[in-house]
K.L.:
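Can you keep this structure in mind? I'll have questions shortly.
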Amino acid sequence: MGSLIDFKRPDGSSCKGYLAEAGKGKPGIVVIQEWWGLNDQICGVADRFARQGFNALAPDLYKGRVTQKPDEANHMMSGLDFVGASDQDIAGAVKHLAGMGGKVGVMGFCMGGALTIAACARIEGISCGVPFYGIPPGQLADPAKIAVPLQGHFANKDDWCTPAAVDALEKTMKGAGRSPEIFRYDAAHAFSNERSEAYDVKSANAAWERMLEFLKKHL
């Protein structure tokens, strides 16, 4: 449905990404990859958004690299320049979608969820964010600085993005006068990825419907 494009980063260089279009003037959503890379599953999420009336752009943060092996994925994630991914690749994607007309939100899964929160704290031009089971380290982004609406989806059986980390995120944001919507699911990490062993169709469908309602409200 979509296609690979080149778009400009704020520093003037180019980044590739998968763009699924709903039409000029439609709201935009940046879809941020998991640690596996910009694979067919993430492109499928962008296509799904386009069918719902959003222009969706998934930036290729790994510059063409994709894997199905956890060790290799962890290596690639560990080597990622997270500041550059946020302030250049994701910021460029936000600007590209804004140029198509309409407000722009960001969302992502796992590593992409952490970068969603980081982007909301660091980048201008974002109207809302929806992180799935990912929270960035404090040195990358302070959640207290997030001024846009945020809706988070987290798993109670997650040993990476733990329930304690989710509680801390919520406490920090509320302490700063923010009102994040936080949903917790009796599922494991990656419950929204239909290709994961942890996929939980009931939780995934509930999260998707809540997200769509949230995005349509704020975009």
Side-chain angles (χ1 to χ4, degrees), residues 1-66 76-77 80-132 134 136 140-141 145-151 211-212 214-219:
M1 183 176 184
S3 59
L4 283 175
I5 66 162
D6 290 291
F7 60 89
K8 290 293 183 184
R9 297 170 13 132
D11 65 6
S13 65
S14 293
C15 179
K16 289 190 180 298
Y18 181 85
L19 177 66
E21 296 187 55
K24 190 171 178 61
K26 297 290 186 179
I29 183 79
V30 179
V31 180
I32 309 175
Q33 68 191 52
E34 295 186 319
W35 68 347
W36 309 112
L38 180 59
N39 58 16
D40 290 344
Q41 192 270 332
I42 291 296
C43 293
V45 173
D47 289 339
R48 193 175 179 189
F49 273 120
R51 290 192 293 270
Q52 292 291 332
F54 297 89
N55 289 316
L57 176 55
D60 184 3
L61 304 183
Y62 286 170
K63 316 305 179 194
R65 293 178 298 162
V66 177
M76 290 194 293
M77 181 177 74
L80 180 67
D81 174 7
F82 277 82
V83 172
S86 169
D87 298 5
Q88 295 294 330
D89 296 339
I90 296 169
V94 169
K95 187 173 182 179
H96 184 87
L97 288 171
M100 299 175 70
K103 296 179 179 179
V104 180
V106 295
M107 68 82 59
F109 308 93
C110 181
M111 181 186 83
L115 279 166
T116 293
I117 293 174
C120 287
R122 299 176 65 98
I123 299 172
E124 294 183 358
I126 293 172
S127 293
C128 63
V130 186
F132 278 71
L140 177 62
K145 295 182 178 179
I146 296 175
V148 299
L150 189 86
Q151 182 188 77
M211 175 174 59
L212 282 184
F214 176 81
L215 293 176
K216 288 175 180 178
K217 177 181 178 181
H218 295 291
L219 300 180

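Residue numbers start at 1 and run along the sequence shown.
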K.L.:
For F109, which residues count as a ring pair (Phe, Tyr, Trp, His ring centres under 6.0 Å) partner, sequence neighbours excluded?
P.N.:
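In terms of ring pair (Phe, Tyr, Trp, His ring centres under 6.0 Å), with neighbours along the sequence ignored, F109 is linked to F132.
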K.L.:
For a quick test of your reading: what N or O donor-acceptor pairs under 3.5 Å do the side chains of residues 1-8 make, sequence neighbours left out?
P.N.:
| from | atom 1 | to | atom 2 | distance (Å) |
| --- | --- | --- | --- | --- |
| D6 | OD1 | K16 | NZ | 3.1 |
| D6 | OD2 | K16 | NZ | 3.3 |
| K8 | NZ | G12 | O | 3.4 |

K.L.:
Suppose we screen for side chain to side chain contact (heavy atoms under 4.5 Å, CB included). Which residues come up paired with A20, at least two apart in sequence or across chains?
P.N.:
Y18, A46, D47, A50
K.L.:
One pair to check against side chain to side chain contact (heavy atoms under 4.5 Å, CB included): C43 and L38. What are the steps and the verdict?
P.N.:
CA-CA 7 Å; C43 293; L38 180 59; 4.1 Å; yes
K.L.:
Once side chain to side chain donor-acceptor pair (under 3.5 Å) is applied, do any residues pair with E34, and if so which ones, sequence neighbours excluded?
P.N.:
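Applying side chain to side chain donor-acceptor pair (under 3.5 Å) to E34 gives W36, N193.
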K.L.:
Restricting to pairs with a member in residues 84-103, which pass ring-ring contact (aromatic ring centres under 6.0 Å, His included), not counting sequence neighbours?
P.N.:
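Sorted result for residues 84-103: empty, none.
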K.L.:
Return yes if some donor-acceptor pair links the side-chain N/O of T116 with the main-chain N/O of G108 below 3.5 Å, else return no.
P.N.:
yes
K.L.:
How close do S127 and L219 get, heavy atom to heavy atom, and via which atoms?
P.N.:
CB-CD2, 3.7 Å
K.L.:
Rounded at 0.5 Å granularity, tell me how far CG in L215 sits from SG in C128.
P.N.:
5.0 Å
K.L.:
Side-chain polar contacts of residues 51-62 - donor-acceptor pairs under 3.5 angstrom, sequence neighbours left out - could you list them?
P.N.:
| from | atom 1 | to | atom 2 | distance (Å) |
| --- | --- | --- | --- | --- |
| N55 | OD1 | A22 | N | 2.6 |
| N55 | OD1 | G23 | N | 3.1 |
| N55 | ND2 | G23 | O | 2.9 |
| D60 | OD1 | Y62 | N | 3.4 |
| D60 | OD1 | K63 | N | 3.2 |
| D60 | OD1 | G64 | N | 3.3 |
| D60 | OD2 | G64 | N | 2.6 |
| Y62 | OH | W35 | O | 3.1 |
| Y62 | OH | M77 | N | 3.2 |

K.L.:
Kindly indicate, with the supporting measurements, whether the criterion side chain to side chain contact (heavy atoms under 4.5 Å, CB included) is fulfilled by M100 and K26.
P.N.:
CA-CA 7 Å; M100 299 175 70; K26 297 290 186 179; over 6 Å; no
K.L.:
Can you give me the closest heavy-atom contact between N39 and I42, atom names plus distance?
P.N.:
OD1-N, 3.0 Å
K.L.:
Please step through side chain to side chain contact (heavy atoms under 4.5 Å, CB included) for the pair Q151 and H218, ending with a clear verdict.
P.N.:
CA-CA 11 Å; Q151 182 188 77; H218 295 291; over 6 Å; no
K.L.:
State which residues pass salt bridge (charged side-chain N to carboxylate O under 4.0 Å, His left out) with D11; sequence neighbours excluded, sorted by chain then number.
P.N.:
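D11 satisfies salt bridge (charged side-chain N to carboxylate O under 4.0 Å, His left out) with R9 only.
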K.L.:
Pairs in or reaching into residues 90-118: which pass salt bridge (Lys or Arg N to Asp or Glu O under 4.0 Å), with residues at least two apart or in two chains?
P.N.:
none
K.L.:
Does M107 form a side chain to side chain contact (heavy atoms under 4.5 Å, CB included) with I32? I'd like the steps, not just the answer.
P.N.:
CA-CA 6 Å; M107 68 82 59; I32 309 175; over 6 Å; no
K.L.:
Which pair of non-hydrogen atoms, one from A141 and one from P136, has the smallest distance, and what is that distance?
P.N.:
CB-CG, 4.2 Å
K.L.:
Between CG of L97 and CG of L19, what distance do you get to the nearest 0.5 Å?
P.N.:
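So the CG of L97 and the CG of L19 are separated by 7.0 Å.
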K.L.:
Roughly how far, to the nearest 0.5 Å, is CG of L115 from CG of L80?
P.N.:
6.5 Å
K.L.:
More than 12 heavy atoms of other residues, nucleotides or ligands under 6.0 Å from NZ of K145: yes or no?
P.N.:
no
K.L.:
Taking side chain to side chain contact (heavy atoms under 4.5 Å, CB included) as the definition, give me every residue that meets it alongside V83, ordered by chain and number, with sequence neighbours left out.
P.N.:
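Per chain and number, V83 pairs via side chain to side chain contact (heavy atoms under 4.5 Å, CB included) with D81, D87, R122, L140.
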K.L.:
Rounded at 0.5 Å granularity, tell me how far CD1 in I146 sits from SG in C120.
P.N.:
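One gets 5.5 Å once the value is rounded to the nearest 0.5 Å.
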